[in-house]
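Below is one structure, written out as structure tokens; comments come after it.
Here is the naming used below: chain letters follow the sequence lines, and residue numbers restart at 1 for every chain.
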Amino acid sequence: MLANKCWQTLSRYSFCCVAFCICLVISFKSLASTQLQSRWQQIESLGKNQSVYFYAWGGDAQINAYIQWAAQQVKAKYNINLVHVKLSDTSEAVSRVLAEKSANNNDKGSVDLIWINGVNFATMSEHSLLLKQWANKLPNFSYTDPSNNPAVNFDFGIPTNGMEAPWGQASLTFYYDSLAIDDTANNTLPTTLNQLLSWSAQNPGRFSYPKPPDFLGMSFLNYALVMLHQQSDDTLKAQLNQPATAQNTAQVLNPLWDFLNKLHPTLWRGGKHFMQSGAQMRRLVGDTELSIAFTFSAPEVPAAVKRYDLPKSIRSYAMQDGSLSNTHFVAIPYNASHQQGAQLVANFLLSPEAQAQKQKAPIWGDKSVLIQSTLTPQQQALFKTTQPHPSALPLNSIKRTLSEPHPSWVNAIMQGWQTRFGVSQ
Amino acid sequence: MQSSLEIKNCELYRQNQQLLSLNEQVKGGEILTVMGPSGSGKSSLLNWLTGTLPSGFSANGEVWLNGENINNLPAHLRHIGVLYQDALLFSHLSVSGNIAFAMPKGNKKQRLEKIEHALEQVGLKGMANRHPDNLSGGQQARVALLRMLLSEPKAILLDEPFSKLDTQLRVDTRELVFSQIREHKLPAIMVTHDHSDAEAANGKLITLNLAK
Amino acid sequence: MSVVSNKLAASPTLKPHKSADMFSKLVTLSPRFLLALLILPVIGGLISVLLPAFGYAPVLEHTTLGLHGFTMLMQTPGLTYMVMLSVGSGLISTLLAFTITLMILAAFFNSPWLNRIQRLLSPILVIPHAAAAIAVGFLIAPSGMISRLVSPWFSGWELAPNGMFPHDAFGISIILGLTLKELPFLLLMALGVLAQPELGKKLRQQHKVALNLGYCPMTAFFKVVLPSLYPLLRLPILAVLAYASASVEMPLILGPNTPPTLAVAIMHWFNDVDLNLRIKASAGALLQLVLTGGLLALWLGGEKAIKALFSDLLTNGEREYGGVYWQKITTVLTVFVIGFILLSLIGLIMWSVAGFWRFPAALPDQLTLLHFKSALMQMQSPLFNTLAIGLVTTLFAIIITLLCLESEQLSAKPMSRFTSLIIYLPLLVPSIAFLFGLVWLQQLVNNQAAFFNVVFTHLLFVLPYVFLSLASSYRRLDPRFAHVAASLGATPCKVFLQVKLPQLFAPILIAAALGLAISFGQYLPTLLAGGGRIATITTEAVTLANGASRRTSAVYAIMQMALPLIGFILAWVLPKYFFKSAHR
């Protein structure tokens, strides 16, 4: 009798306990998500009505127009005044933040948001110039499927640590003037690095690459470096993913210098003068001074044709031996004056609407970082494409992707290049 | 052959309105005086003779110098010397520099001697290295005269050259100029307002009327 | 009668009016304010560059004075080449512009062509250097207008040939661009001098005297007019030389980059991520200062040498130096120069509306307004900035200038030669040398007011031109108007506002248009003082000049030219309706 009563009390008690625990867990979870939610709501309420200075490369009219569109959207949504500060080179913004840090300006920085990746990211991260652990907390970050997607968590092999939010993807692709490369005897389209070298020797002055430290020029050299080591033994190949040191630099880079010594005399202007940027290279193709060029943004080619900046005879293709690929990001300096507004903008840039708009060929054509499987059917519908332009890169052209070497190699290549080719003799 | 300056059937127009018409001959050593109110075309006549007629003016007729038609010669080949109201001495050259500028090419030493001699003759001895801006009005006029004469012109034009000088200076300078003209036997045409100039010239006098 | 004489007797002893006092105080202080405004920023900027050059840069934790900045500089690969390129392109372009100017003046001195050439070239004056560089770049490129005109019928080129221009290693493109831009400036400065009533009349008459003495027109010009004309042209020529040897826009757009000119290299070092390069950049800025100073000294020395060597030549009586021959050459040269300029402008306009325009077609396949439309949508903010900065700067400049000129008249003392020289100071000191220092000072004082910093920096470059433009008109005002007004009882302030200013309406508008044009065309000051946050049409144009779309940069270049033109058109039209002076 007493046992029954005891049991009853116990079970009632344990039931209460369990119920209480369950309630606790539920409330903790909702507390956590409300915390998360309320953290984001806090950011939203603080970030509204701010002015956000977005330091981004301004050499492409299309990209500038897209950023203007994004500015209009965030103005409507959050009343944020997004100002696009056009840079000729991202390093200008990096040096600005560095200077501000040296001047002990720790909370009134002039740079709120910066378009960045690769070497510049490595520099800023090394000097602790970036805000940490914010990108992985953006509501739209989940659309990039971060647990299965190393491309959004590593930048040239360096972990992002929530310091930068992915924005778009790029692969190195080539384009040529079909009226200049007419498939005659010595004039067939080169599809590997070696074929490029022999084609250039047979058609001198029709190819070149932008002067380092331009990003696109460095990418071409990276591509060449990776390709030249395809046949090397594994330990040497592995050095590419390790930082450059005094010991391995010569061994790794010598094949590149040999290659360039053979290539340069056949280049445009005899390799004595290099164009300043990829944009200039594209213009030279339009001028018919160059027959082959390359780009990280394949959709810029049909976009240029539509704007009359390239002739109708242009065709795009990818090298058969591999295409260098990377992701580009947006980051927030540690001392940004308008951190919350910047996060709101970064979140918007990651939204399906913004990503789909960016991917449209006539707008920018930059590949989205969102993974389709994470999107709802309505969101997926935003990404439907229309009939591709004749000069556009055909679908599935990129058969083989190559990942970028460690960013320290960029510096090593640049130093070596400046010493050997920086001043024309 | 005697030097002479001939104006053959000159008709001068300003904006298609006829200013004057003239047909004269001046022999070497003679001075033709032209008088008339402002706007009657006196200075324009001299401009036409030197070949520097400004735009807005046109002319018919011919100029004959020493028996040669010089109508088609540009201004700098006509060898007609001009004396203006202002001395117009070059301020970047000294007195002797101004005169040397006008002289034909030659041996430097000889030219300097000639200049010294000429300066002495007009009472400006020792002023060869003076700056023209430091000279008095009368001295400047004399230097301008020397400059013109030593360029060995074939004819001389005078554009109211004495009107900025005060009375006594005027008489002296005028006498100097006329005596040089007569001595070198050059045909001369003078434009003036002053009747005493005309009397001293002792040549033919033409009075222009205002265009109707 | 007695009433009138009483009034006349009373007026010279006016009791000091309170506002007249303030106005007079303001006016008396103005020249000193002007001097301070011009000297302090330049000297301050130079000092702020001097210290880091010798190693003192507390921001970078370097506090030991030393020469390592200079050692780093000397070790830069290609330094000798950079120096030779800067000096060579500066000197040659100035010499060319000067010589061709003199030849044009000499050949057309008495002819109506001079006026026509003046009218043709005046609009070219307001084209900013960046736009001119873009236009010239389009012209001389292998696929440019010149190649297109002779291809393929003459040259056989179906694809753009392997060419040298622009960006050639000898700097010929830079020289071409600089000469074509500076030639109209020098010519118009000379014509401005000749337009002064007494001086111009005197020179023309002396030229006529020389003609009468048998000198052919060109010789007469060189032997008679030039010696009196040159001293008045000296300062503009020195300003041209200083700019040409230290400019950034022209070599950036037209010059080589392995290596570039010294000024461009200095700019890159200052902007580099690696802050230690700042020390090298400061040392480089000092080197540039020395180079420009050396060039100016060389020019002045050359002037003296020529004077000594050729003084005999003036009076040797040689009248003919193949005058007809030189006249023909000058005519051909003038046609070439004007042809070049016109062709580049035509090319620019065609590019801005071109559809597909493949080499070697001489005309575009189709015309479209797409580029203008898309550019205008992007341009709103830069356009606003350009106009706002220009208007504020010019307003300041005009007010200060007027007050200084008024002080000159009130004190009845002409401005000292020192002041006249200081007016030229920002034009003679290479801007790359002191701008970085000035920007550093500005950031020390006030980091956030980018707009104010840009206006202040622009003021340094606008003031000289506004001053020079207004000074001659102001000084030519008949002083008797002011005397009459004063005798009628008007205070100096009232005389200034109600008698002098209305008379000066047209010259003020012209000076304002000139000031606006100068402000619109500034590149380095806007870029540096604004920290890159303030975009103007010119900064956009330079960024786009080496970019992907000739068409877009052509649109921006045209905007750069159109804005000052609008200013000048207003300056020409408005006086016809407001403050009309009695014209017959």
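Highest contact tally toward chain C, considering only A:Q276, A:R206, A:R269, is held by A:R269 [criterion: heavy-atom pairs under 4.5 Å]. If you tally non-hydrogen atom pairs under 4.5 Å between each of C:F359, C:W357, C:F356 and chain A, the highest count goes to C:F356. For the set C:P142, C:P364, C:A141, the count of heavy-atom pairs under 4.5 angstrom toward chain A peaks at C:P142. Here C:G355 is the residue among C:G78, C:G355, C:A545 with the most heavy-atom pairs under 4.5 Å with chain A. When A:K312, A:R307, A:Q418, A:Q68 are compared by the number of non-hydrogen pairs under 4.5 Å with chain C, A:K312 comes out ahead.
Both the backbone and the side chain of A:V305 come within contact range of chain C, judged by heavy atoms closer than 4.5 Å. Only the side chain of C:T543 has a heavy atom closer than 4.5 Å to any heavy atom of chain A. With a 4.5 Å cut-off on non-hydrogen atoms, A:L310 touches chain C through its backbone but not through its side chain. Both the backbone and the side chain of C:R550 come within contact range of chain A, with heavy atoms under 4.5 Å apart. Using a 4.5 Å cut-off between heavy atoms, C:P382 makes no contact with chain A at all. Within the 4.5 angstrom heavy-atom criterion, only backbone atoms of C:A354 (N, CA, C, O) approach chain A. Heavy-atom distances place no part of A:P213 under 4.5 Å from chain C, backbone and side chain included. In this structure, chain C has heavy atoms under 4.5 Å from both the backbone and the side chain of A:E289. At a 4.5 Å heavy-atom cutoff, the contact between C:T368 and chain A is made by side-chain atoms alone.
Considering every non-hydrogen atom in both A:P204 and A:A201, the closest pair reads CD-O, 3.8 Å. Nearest heavy-atom pair, C:S352 versus C:A554, reported as atom, atom and distance to 0.1 Å: N-CB, 3.8 Å. Minimum heavy-atom separation, A:S313 to A:L179: CB-CG, 3.7 Å. When every heavy atom of A:G286 is checked against every heavy atom of A:P311, the shortest pair comes out as CA-CD, 4.0 Å.
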inquiry  = Evaluate A:Y66 against A:H84 for ring pair (Phe, Tyr, Trp, His ring centres under 6.0 Å), listing each step before the verdict.
reply    = CA-CA 11 Å; A:Y66 173 76; A:H84 176 192; over 10 Å; no
Next on the checklist: Could you go through A:Y308 and C:W351, starting from their C-alpha distance and side-chain angles, then the distance that decides it, and tell me whether this counts as ring pair (Phe, Tyr, Trp, His ring centres under 6.0 Å)?
Outcome noted: CA-CA 11 Å; A:Y308 308 106; C:W351 272 113; over 10 Å; no
query: Passes salt bridge (Lys or Arg N to Asp or Glu O under 4.0 Å), C:R358 versus A:D177? Steps please.
result: CA-CA 12 Å; C:R358 194 193 166 86; A:D177 188 352; 3.0 Å; yes
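For the pair A:D309 and C:R551, the salt-bridge criterion is met [side-chain N within less than 4.0 Å of a carboxylate O].
Of the options A:D112, A:V111, A:I116, A:L129, a side chain to side chain contact (heavy atoms under 4.5 Å, CB included) to A:P333 is made by A:V111 and by none of the others.
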